[in-house]
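Working notes, structure below.
Each chain gets a letter, A, B and so on, in the order the sequences are listed, and its residues count up from 1.
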Amino acid sequence: MTDPQLALASDIAIWAGLAVLALALISFSAHLAVTGAARQGRSDDTVPQPTALLVRTGTGTEGSATFPDAAPTSAALEPPAVDHPAGVTRRWGVLGMQLTWLATFAVLAGTLMRGLSVQRWPLGNMYEFAIVAASFALVVFCTWSLRQDRLWLGPFVVLPVMVVLVAGKIWYTEASQLMPALDNTMWLTIHVTLATLSVALFVIGAALAVTYLLRDAAERKSRVRGWLAALPQGDKLEAMTYGMHIFAFPLWTFTLITGAIWAEVAWGRYWGWDPKEVWTFVIWVVYAAYLHSRATSSWTKRQATYVALTGMLCVIINYTVVNLLITGLHSYSGVA
Amino acid sequence: MPDTQTPQRIEPTYPKDRTTMGGPRLGPLGWARWGWRQLTSMRTAILLLLLLAVAAIPGSLFPQRSVDPVRVRAFVEDNPGLAPWLDRLFLFDVFSSPWFASIYLLLMVSLVGCIVPRTAQHARALRSEPPRAPRRLSRLPALAEATVPGAPEGVLAAARDVLAAKGYRLSRAGTGDRSVTGEKGYLKETGNLIFHLAMLGVIVAFAAGHLLGWRGEIIIKEGQSWTAGPASFDTLNLGPLASTDDIPTFTVQLDRLDVAFETQTEGAQFGQPRRFDGLATVDIPGRDPEQQQFAVNHPVSVGGDSIFLLGNGYAPVVTVRDPDGQVLYSEAVTFLPQDNNYASEGAIKVTGRDPGLGLVGGFLPTLRLDPELGMTSSFPGLGDPALALTAFEGDLFADGRPQSVFTIDTEQMTQMTDADGAPVAMLLRPGEYFELPDGTTVEFEGVIRWAGLLVRHDPGRMPALALALAAAAGLTLMLGVRHRRIYVRIDPADLTPVGASRVVVTVGGLPKGTDPALQGVVDDVLGRITATAPPPPQPPTRGSDEDTP
């Protein structure tokens, strides 16, 4: 039933993915430092005008000092550099992105081999939950960055994904078959896939929330310095944070509903306040509070964003404390 | 409208912040109105939501009577000082506690107080035309402007066509003012209202299921047949509005129960359950008996209700004979598993003997003699089954008190001892027997399995599912649809040479909430208007046409 060689190959692929992600993190950080230093030197961070930036020279960075004024015709030749100062190298960010793609393929391959080794969807325990959620987060980030320049977001996605994978490795579970309560291919696939995907989106949403809070705090003090200058403006970051959450929240709602349907089939009741159900509910309510506080004028966007981060805290508690310390029907962690 | 007051987003006509309304001096009615506004304000709703989340957390930290009463009892025994205080605060019944109920009831009232006026408002908005464009559009968050050739009336008609083609609802034409308002995305508010109404419905359906439903639990051994009825369950929980007449009559026979455990993988996964399934024959009066396969995720269906497999364990078959060989007792006895390796405990009560004989001890499906723990089980499957018992003599049912079938009340019994005065202890393998000092024999004939079944009736479950799906659909509309208002204003262009017809087209966009794509929409609308605007009427060039023969 279980193929130990494939399981071993899967483990190696995940380790390799982690190693490549570490390199990507360094590369992305270098990108933020270089871009931030260039922006700050020019102190044009508050008005990123893409078309104007193309013809502007960087003064104050050694790389761009030799770069001549771009002729108006070169604007047509160059791809539109979204939000990026001309003349400042993007190679660190691009390298980070390429490494992230490589890591994404490694983690996806590891997840796929894990599934093949146990001949089922790899959604049966904490370790498998971690690698699938990490895969989703990486795929979403890579796909997003194909459409828009998201190099600045790199470190904030790569770091939590690494944390998730390391957590998976800490709570590693041997490749094996499922316990009978989980042995329902349809609902396991639907419910847990939705759960991992929405957790992945919530993680990216929380990463964006953190960047917003940091950038916004700097903007309020008019001290946008260093790598913070490499980030988009605060209100744009805030809109992206909200945009990510309005994708994740309906998915979490469907996670809750499919979980209830499955609970009805497996345990004879669709809602029974099992600890995992309690925390699924708590997470849902906290994110609902975020969406409400975002919609009302009596809360500032900063305050609302703190509610979103509280939701992330609940997601983390749900994955760690509830799985490992609290006894309930959802005790599938596979950890002794 | 003055320039400075051009709105930045579509403001609802109901008051958003209800807390600031009301006069300085309030009578009882005034205070009631003030309280109602406080309760139905968004600020209070958010506070109640966060409070609800916080209030649910203790329900996951402390064992709950509604979830696992056995663990509550164990917790109370382990914490005799703390437990009564926790109980006074309803911390073992969080989800039926007055404080939890007060939070969600307030939230429901707040929700109703918010939804009802908003539904009325939305119904009016659906029937009314969009408001007229403000005089100046320049302060709107999204703006685009172009000068196009054409007569003002022609360009305005083109603008109306463009907006109509894109599905906007338009303000009435021909008011003298050369502007048009298009509004789109009413489904956002519709979805919002559906979501909140459906959420209320889910709560009502959940409550109805609790009030009108019932659940019964029963343990059935392999080969045993059991007939449902109010008195035949091991435990029966009736909802407050349910009656025992609601319980249907049917008979279930457990033909077989198969169980498999992990044997391939080492470590924490070794011995984990892998398969519980079986065969049951269901006999409903008036129908042919029907054999059904069932498993943990495949309940047995009985009419409209379902029987779920929730637990399983071992039932050693024990026969007790008196010294003459007469059978005093012969039964499969249910032993309750105590750990993941199914080390089980149980009791055998032989009432047919005088004095009564009680055998109590453990069943170990795979016996392992641990130097520290003594007899334990190392695997939940039947590797090396063994039955370990000690014996008591005396009054089995002291004072006729009700007692568990899994333990023996030894208050009025004495432990049997052998010739050396040591307590009698037997360790039997299948087929073996043990002779007590008085000649009574205890034989361990073999072992069968039992299944713990749950019969559940919940009339609220299908309505709850339908309403939950409606809520999810409403949520998707609410978060996915963009509510936008587009204003188009046509002004005569300045410095237009007399006779040449040129107009300035200004397109402004007003979003509801966050709408990063609005500027793109405004640009697109302007582009379409300039592309479709009719060319200006050419001043007739004299002679050319008429001269053509």
Side-chain angles (χ1 to χ4, degrees), chain A residues 1-2 173-181 183-184 187 236 239 242-243 246-247 249-250 253-254 256-257 260-262 264-276 278-279 281-283 285-286 288-289 291-299 307 310 314 322 326-328 334-336, chain B residues 16-17 19 41-43 45-46 49-50 52-54 56-57 59-61 63-64 66-68 71 94-95 206 215 262 264-270 272-277 295-299 306-310 454-456 458 461 464-465 468-469 471-472 475-476 479-480 513-514 516:
Chain A
M1 284 292 274
T2 307
T173 309
E174 298 289 338
S176 62
Q177 297 310 305
L178 295 175
M179 61 177 71
D183 194 6
N184 184 322
W187 291 117
K236 287 199 177 131
Y242 177 68
I246 61 172
F247 269 103
F249 184 71
T253 309
F254 282 109
L256 205 152
I257 294 173
I261 297 172
W262 191 6
E264 172 70 33
V265 174
W267 301 322
R269 86 287 183 291
Y270 59 91
W271 196 262
W273 297 112
D274 175 70
K276 198 74 180 216
V278 171
W279 279 91
F281 172 78
V282 167
I283 291 166
V285 169
V286 170
L291 295 184
H292 281 94
S293 60
R294 180 79 179 34
T296 180
S297 47
S298 57
W299 282 57
V307 179
T310 309
C314 294
V322 177
I326 298 178
T327 311
V335 180
Chain B
K16 263 239 149 158
D17 187 2
T19 54
S41 74
M42 184 75 116
R43 196 183 301 180
I46 297 169
L49 272 175
L50 290 173
L52 189 67
V54 173
I57 292 173
S60 72
L61 301 179
Q64 299 294 301
S66 61
V67 177
D68 196 344
R71 279 188 57 225
V94 165
F95 302 105
F206 185 77
R215 54 181 286 153
E262 178 72 46
Q264 289 194 339
T265 312
E266 299 298 317
Q269 291 290 308
F270 181 75
Q272 287 287 317
R274 289 294 171 245
R275 190 165 61 86
F276 299 138
D277 55 30
V296 168
N297 270 297
H298 299 278
S306 301
I307 306 177
F308 301 89
L309 175 61
L310 288 195
L454 167 73
V455 189
R456 167 105 167 144
D458 184 348
R461 64 178 185 166
L465 176 62
L469 291 176
L475 182 68
T476 310
L479 296 178
T514 306

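Nearest heavy atoms, A:T253 versus B:A472: CG2-CB, 4.5 Å. The minimum heavy-atom distance linking B:A53 with A:V286 is given by the pair CB-CG2, 3.8 Å. Counting all heavy atoms, side chain and backbone alike, A:A266 lies closest to B:L310 at O-CD2, 4.0 Å.
Interface remark: B:R461 contributes backbone and side-chain atoms alike to the contact with chain A (heavy atom separation under 4.5 Å). Residue B:L479 touches chain A through both its backbone and its side chain, counting heavy-atom pairs closer than 4.5 Å. Only the side chain of B:A464 comes within less than 4.5 Å of a heavy atom of chain A; its backbone N, CA, C and O stay farther away. When heavy atoms are compared at a cutoff of 4.5 Å, B:Q64 does not approach chain A at all. Neither the backbone nor the side chain of B:S306 comes within contact range of chain A; no heavy atom of the residue lies under 4.5 Å from a heavy atom of that chain. In this structure, chain B has heavy atoms under 4.5 Å from both the backbone and the side chain of A:S293. Contacts between B:A468 and chain A at a heavy-atom distance below 4.5 Å involve backbone atoms as well as side-chain atoms.
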Given A:W262 and B:N297, is the side-chain contact (heavy atoms from CB on, under 4.5 Å) satisfied, shown in steps? CA-CA 8 Å; A:W262 191 6; B:N297 270 297; 2.9 Å; yes
Intermediate values then yes/no, side-chain contact (heavy atoms from CB on, under 4.5 Å), A:W267 and B:R456: CA-CA 10 Å; A:W267 301 322; B:R456 167 105 167 144; over 6 Å; no
The test is side-chain contact (heavy atoms from CB on, under 4.5 Å); show your working for B:L50 and A:V307 and say whether it passes. CA-CA 9 Å; B:L50 290 173; A:V307 179; 4.3 Å; yes
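Ranked by heavy-atom pairs shorter than 4.5 Å toward chain B, the options A:F247, A:F254, A:W279 are led by A:W279. Interface check for chain B: of the options A:L291, A:I257, A:T310, A:I283, the most heavy-atom pairs under 4.5 Å are formed by A:I257.
To the nearest 0.5 angstrom, A:F249 atom CZ is 5.5 Å from B:L475 atom CG. Taken to the nearest 0.5 Å, the CH2 atom of A:W271 stands 14.5 Å off from the CG atom of B:D458.
Using bins of under 30°, 30° to 60° and over 60° for the plane-to-plane angle, the ring pair B:F206/A:Y270 lands in the perpendicular bin.
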